[in-house]
Amino acid sequence: MSDPIYVWLDVESRVLKAASVMETAFIAVNLAHTLVPYRQAALWRRDQGVLALSGAANVEAGSPYVLWLQNLLAGFRDDQPRPLTQTDGGAEWADWLPAHGLLLPFDGGSVFYARDDAFTEGEIAMLERLTQLVGLSLRALTPKRIAWPKPRGRKGWAMVAAGVLVALFPVTSSVLAPAESVAAHPVLIRAPLEGVIGRMAVRPNDAVTEGQVLFELDSTTLTGRLDVARQSLATAEAEYRQTAQAMVFDAKAKTQAAILAGKAEEKAAEVRLLESQLARIQVKAPKAGIAVFDDVADWIGRPVILGEKVMAVADETDTEVEAWVAVADVGEVRPGGPLTLFLNTNPLSPVKARVRSVAYEAAARPDASIAHRIRATLAEAEDKPRLGLKGTARIDGDTVPLIWWAFRRPLATIRQFIGF
């Protein structure tokens, strides 16, 4: 392997295959001798000092030679190869080094070679190429560190102080939630008995008066049962009268008459029950207001059970705010906290309210999302919005530093992924 090309390829391959910084430094100061002869070599880095010496397994950081060599190499800031002589190193040069030296800088440090004869241009070019390769290898093998710039002077420290003050500046935390105007004191209208809704007398959002019929249950089944019960009652009464007449001549008829009287009373009670139920198939409004329910077509012919909600009657102007806060934001909401409603119909005139209640458990919404129900009472001086208007509510929470307000969501998201 006397051919210089093969020698260069061998050294280059070793540098590229180096697995650590120290291995690369060892190649630079020892194996370069196969390319260009020299007596001494050293590799110096700006952040670590003298890292490697030719012919030495370890570098004694406190030895006189290392300290002198480190001061010598740190004094040169050139970006180009620089031949050195005794005049560049002072009187102590002859104590440590031969007559001629060659300083080859790379990013963050330099490689220094020394020998008795001056280096030729061809040797300088070859060692410069090797030094560039060594610098790239050292940069790739050195762990990356985040370098935070240090403040300098009054202006730098003033900027740091301003940044800290801005980060700690108190702001009010808030969350946004979809909201709407709902009835504050609605009267729920429920099915008075089990049956099928036969007729809806009002339409959604119709104004109703007290005592007005809202809907009727189908009376076919009740009417049929009432007719049968009345016939049974008539039969029981006839049997009782016949037995009562026979009591004059037959002593046994007295016992039979008591039984028949009980049956007649039972049938009469059944008739009265069915009549009362038939009288309740018409459901009337308990007070004036508007009828709040879904489409009429959804209710006609629909079977209902006793107590099932059919609609509500509410005062159109007696409203409050209902908002749905996401599970991730409900911790910012407190009862009594301020709420501002921005209606879609009038976003430039927000409505002020106070949070009255926060649902403990989240509930499913029609859009398949899970959220907590929030109810808020409108301020006394506010014009209460009409029932059913929708918008966006901003709910203000506690006062927190600006940095917490800005990074709360990202930190919560990161924590969900990393687990701590």
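Applying the ring-ring contact (aromatic ring centres under 6.0 Å, His included) rule to H33 yields the partners Y38; only residues at least two apart in sequence or on another chain are considered. With sequence neighbours excluded, the residues satisfying side chain to side chain donor-acceptor pair (under 3.5 Å) with T142 are R45. Legend: residues meeting side-chain contact (heavy atoms from CB on, under 4.5 Å) with N344, ordered by chain and number and at least two apart, are K390. Residues passing the salt bridge (Lys or Arg N to Asp or Glu O under 4.0 Å) test with R225: none are found, sequence neighbours excluded. Under the ring-ring contact (aromatic ring centres under 6.0 Å, His included) criterion, F26 pairs with no residue at all, not counting sequence neighbours. Remark: L84 engages F76, R82, D88, W93, L103, F112 in a side-chain contact (heavy atoms from CB on, under 4.5 Å) (not counting sequence neighbours). For D107, the side-chain contact (heavy atoms from CB on, under 4.5 Å) test picks out R139, with sequence neighbours left out. Legend: residues meeting side-chain contact (heavy atoms from CB on, under 4.5 Å) with F407, ordered by chain and number and at least two apart, are I403, L411.
Note that the CD atom of E320 and the CD1 atom of I374 stand 12.0 Å from one another [nearest 0.5 Å]. Atom CD1 of residue I300 and atom CD of residue E216 lie 11.5 Å apart, to the nearest 0.5 angstrom. Note: L348 CG to L343 CG = 11.0 Å, rounded to the nearest 0.5 Å. Taking CG from L387 and CD from E180, the interatomic distance works out to 8.5 Å, rounded to the nearest 0.5 Å. Here the straight-line distance linking atom CZ of R46 with atom CG of L73 works out to 11.5 Å at 0.5 Å rounding. Atom CD of residue Q70 and atom OG of residue S63 lie 9.5 Å apart, to the nearest 0.5 angstrom.
Side-chain atoms of R354 come within 3.5 Å of backbone atoms of G336 as a donor-acceptor pair (strictly under, hydrogens ignored). Side-chain atoms of R199 never come within 3.5 Å of backbone atoms of A201 as a donor-acceptor pair (strictly under, hydrogens ignored). One N or O on the side chain of D206 and one on the backbone of R203 form a donor-acceptor pair closer than 3.5 Å. Under the 3.5 Å distance criterion, the side-chain polar atoms of S54 are matched with a main-chain donor or acceptor of A41. The backbone N or O of V228 lies less than 3.5 Å from no partner atom in the side chain of Q231, so there is not a single donor-acceptor pair. At least one donor-acceptor pair closer than 3.5 Å links the side chain of T34 to the backbone N or O of L31. At distances below 3.5 Å, at least one donor-acceptor pair connects side-chain atoms of S276 with backbone N or O atoms of L273. A donor-acceptor pair under 3.5 Å is absent between the side-chain atoms of E237 and the main chain of A234, judged by distance alone. The main-chain N or O of L222 is never found under 3.5 Å from a side-chain atom of S219 such that the two would form a donor-acceptor pair. Counting only distance, with no hydrogens or angles, the side chain of T319 and the backbone of V182 share no donor-acceptor pair below 3.5 Å.
Across all their heavy atoms, L339 and A376 have their closest contact at CD1-CB, 4.0 Å. Considering all non-hydrogen atoms of both residues, A183 and P186 come closest at O-CD, 3.7 Å. Scanning both residues, T221 and D218, for their nearest heavy atoms gives N-OD2, 4.4 Å. What you find for L67 and A61 is that their closest heavy atoms are CD2-O, 3.5 Å. Pairing each heavy atom of K309 with each of W299, the nearest pair is O-CH2, 3.3 Å. When all heavy atoms are compared, the tightest approach of L141 to S20 is CD1-O, 3.2 Å.
More than 12 non-hydrogen atoms from other residues, nucleotides or ligands lie less than 6.0 angstrom from NZ of K384. Within a 6.0 Å sphere centred on NZ of K287, other residues, nucleotides and ligands contribute more than 12 heavy atoms. Counting heavy atoms of neighbouring residues, nucleotides and ligands inside a 6.0 Å radius, atom CH2 of W8 exceeds 12 of them.
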K17 vs E23, side-chain contact (heavy atoms from CB on, under 4.5 Å): CA-CA, chis, key distance, verdict: CA-CA 9 Å; K17 292 180 180 179; E23 184 177 352; 6.0 Å; no
Begin with the C-alpha distance, continue with both residues' side-chain angles, and end with the deciding distance and a verdict on side-chain contact (heavy atoms from CB on, under 4.5 Å) for K284 and Q212. CA-CA 5 Å; K284 299 179 180 180; Q212 180 180 344; over 6 Å; no
Step by step, would you call V213 with F215 a side-chain contact (heavy atoms from CB on, under 4.5 Å)? CA-CA 6 Å; V213 176; F215 65 92; over 6 Å; no
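The pair E308-R190 does not count as a salt bridge, with every side-chain nitrogen at least 4.0 angstrom from each carboxylate oxygen. D298 and R302 are not joined by a salt bridge, as no carboxylate oxygen comes within less than 4.0 angstrom of a charged side-chain nitrogen. In summary, E322 and R375 engage in a salt bridge, as defined by a charged side-chain N under 4.0 Å from a carboxylate O. Ion pairing of R230 with E275 is present here, as a side-chain N (NZ or NE/NH1/NH2) and a carboxylate O approach within less than 4.0 Å.
Between L51 and W44, the closest side-chain pair of non-hydrogen atoms is not below 4.5 Å. Y65 places none of its side-chain heavy atoms less than 4.5 Å from the side chain of V59. For the pair R334 and V355, the minimum side-chain heavy-atom distance is 4.5 Å or more. In this structure the side chain of V304 reaches within 4.5 angstrom of the side chain of L217, judged on heavy atoms. Residues V313 and I189 form a side-chain contact, since some pair of their non-hydrogen atoms from C-beta on lies under 4.5 Å apart. Considering only heavy atoms from C-beta on, V351 stays 4.5 Å or farther from V321 through its side chain. In this structure the side chain of E123 reaches within 4.5 angstrom of the side chain of T120, judged on heavy atoms. Side-chain contact between P178 and R365: present, with at least one pair of heavy atoms (C-beta onward) separated by less than 4.5 Å.
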Review item, side-chain donor-acceptor pairs of residues 125-137, under 3.5 Å, at least two apart:
unit_1, atom_1, unit_2, atom_2, d
T131, OG1, L127, O, 2.8
S137, OG, T24, OG1, 3.1

Which donor-acceptor pairs under 3.5 Å do side chains of residues 261-271 form with protein atoms, sequence neighbours excluded?
unit_1, atom_1, unit_2, atom_2, d
E265, OE2, R272, NH2, 3.3

Indicate every side-chain donor-acceptor pair of residues 170-177 with a distance under 3.5 Å to a residue at least two apart or in another chain.
unit_1, atom_1, unit_2, atom_2, d
S173, OG, E332, OE1, 2.8
S173, OG, D398, N, 3.4
S173, OG, D398, O, 3.0

Between side-chain atoms of residues 323-330 and protein atoms elsewhere (two or more places apart, or another chain), which donor-acceptor pairs fall under 3.5 Å?
unit_1, atom_1, unit_2, atom_2, d
D329, OD1, R408, NH2, 3.4
D329, OD1, R409, NE, 3.1
D329, OD1, R409, NH2, 2.8
D329, OD2, R409, NH2, 2.5

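A cation-pi contact, defined as under 6.0 Å to the ring centre and within 45° of the axis, is absent between R115 and Y113.
For the residue pair E92 and W68, a side-chain donor N or O sits within less than 3.5 Å of a side-chain acceptor on the partner.
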